[in-house]
Amino acid sequence: MKFTLYIFLLSTLVLHSQTTVTATLKTSSKLDVTEFVDADNLGTTYYINQNEFSKQSPQQTLHYTNLQLGHINDVNTFNPLRLNLFYRNFNTIIILDNRLAEIFKIDFNSISPYRNPSHVSTGYDTTLWLFNDNTQQLELFDYKTNTLRASTTPINSEVLDITSNYNWCWLLTKEYLYQFNYVGSLVQKIKNEGFTKLDESNENIVLQKDNELFYLKKDTSSFIKINLPDLLIKQFLLTNETLYIYNLKTLNQFHLKTS
């Protein structure tokens, strides 16, 4: 019986250690912009070039520029009907529709109590996930009513990145990767093994460590290195089983396969 149990545990360990994620190159296209933001399966690409946000589709290219607010720190396109642009220097978020027309402006300098978000991501309905530097808390903020839907306990570690969907928010700090639900309750906390950036799709996570990418499958806690060709990784994006990698000159599209 002991021998059978030993064989079972050994085979389980071997199978786990042999889990791999392979990236197969599908397409490469030239893209010379300041920052690649997003792409979808309809051929639409979002990017920033010299503080101008653009949405390029096979039919047309739309642009949005706000000279008063200047530098765009972050863009979130999870909801293509409510795109949000974060201007950290002015403590302001602009909400755009799918035509890049401005539909809402959130100026935290004029909202009480005062908030100083360092990282922003999309929530459900009319909410945004904000990491508030003043309180060191992750907050779910309703920008239509200027009310707080949820907040976490203080997080005493430097925040590096944030990503979310309608149900969950992942916060990457120097010490841990946190996962919270839509009421701000902690559901998972994993030690950060040197990761600096992350992205999410269907609750699967890709994280960057130096010039390598790692995969965290939904409902697991083990990071799997993605087998990639030798290329410079300046930016990356996960959409379903498609991984985009941008090196400031070329946008590479890979298909991910787990074995």
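For this chain, numbers begin at 1 and follow the sequence in order. What you see below is based on every heavy atom in this structure, not just the backbone, and it leaves out hydrogens, waters and symmetry mates.
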**Request:** Please test Ser54 against Asn49 for side-chain hydrogen bond (donor to acceptor under 3.5 Å, both in side chains), starting from the C-alpha separation and ending with a verdict.
**Result:** CA-CA 8 Å; Ser54 299; Asn49 205 22; over 6 Å; no
Judged by atom type as modelled, is there a donor-acceptor pair below 3.5 Å linking the side chain of [X] to the main-chain atoms of [Y]?
| X | Y | result |
| --- | --- | --- |
| Asn98 | Pro80 | no |
| Gln188 | Thr220 | yes |
| Ser112 | Tyr114 | no |
| Asn66 | Leu69 | yes |
| Ser57 | Gln60 | yes |
| Tyr246 | Leu248 | yes |

Considering all heavy atoms, the nearest [X]-[Y] contact:
| X | Y | value |
| --- | --- | --- |
| Ser222 | Leu216 | O-CD1, 3.5 Å |
| Thr147 | Thr145 | OG1-OG1, 2.6 Å |
| Asp142 | Arg149 | OD2-NH2, 2.6 Å |

**Close aromatic pair by centroid cut-off 6.0 Å: Tyr182 and Tyr166** =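 For Tyr182 and Tyr166, the ring centres are not under 6.0 Å apart.
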**Asked** Are Phe141 and Phe108 near enough that their ring centres are under 6.0 Å apart?
**Response**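 Yes.
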**Request:** Give me the ring orientation class for Trp170 and Trp168: parallel if the planes are under 30° apart, tilted from 30 to 60°, perpendicular past 60°.
**Result:**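 Plane angle between 30° and 60°, so tilted.
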Run the salt-bridge test on [X] and [Y] with the 4.0 Å N-O cut-off and return the result as yes or no.
| X | Y | result |
| --- | --- | --- |
| Lys249 | Asp32 | yes |
| Lys225 | Glu212 | yes |
| Asp133 | Arg88 | yes |

**Asked** In terms of side-chain heavy atoms, does Asn167 have a donor or acceptor partner in Asn165 at a distance below 3.5 Å?
**Response**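 Result is no, nothing qualifies.
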Table please: side-chain donor-acceptor pairs of residues 228-245 below 3.5 Å, with sequence neighbours left out.
from, atom 1, to, atom 2, distance (Å)
Gln235, OE1, Phe36, N, 3.3
Gln235, NE2, Phe36, O, 2.5
Asn240, OD1, Asn202, ND2, 2.9

**Prompt:** Is it the case that more than 12 heavy atoms not belonging to Gln68 sit under 6.0 Å from its CD atom?
**Reply:**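 No, because the 6.0 Å sphere around CD of Gln68 holds 12 heavy atoms or fewer from other groups.
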**Request:** Find out whether Val206 and Leu198 are in side-chain contact, i.e. whether some heavy atom of one side chain is under 4.5 Å from a heavy atom of the other.
**Result:**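 A side-chain contact is absent here, since even the closest heavy-atom pair is not under 4.5 Å.
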**Message:** Both conditions, 6.0 Å and 45 degrees, for the charged tip of Lys55 above the ring of Tyr46: are they met here?
**Reply:**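 Not flagged: Lys55 not positioned over aromatic ring of Tyr46.
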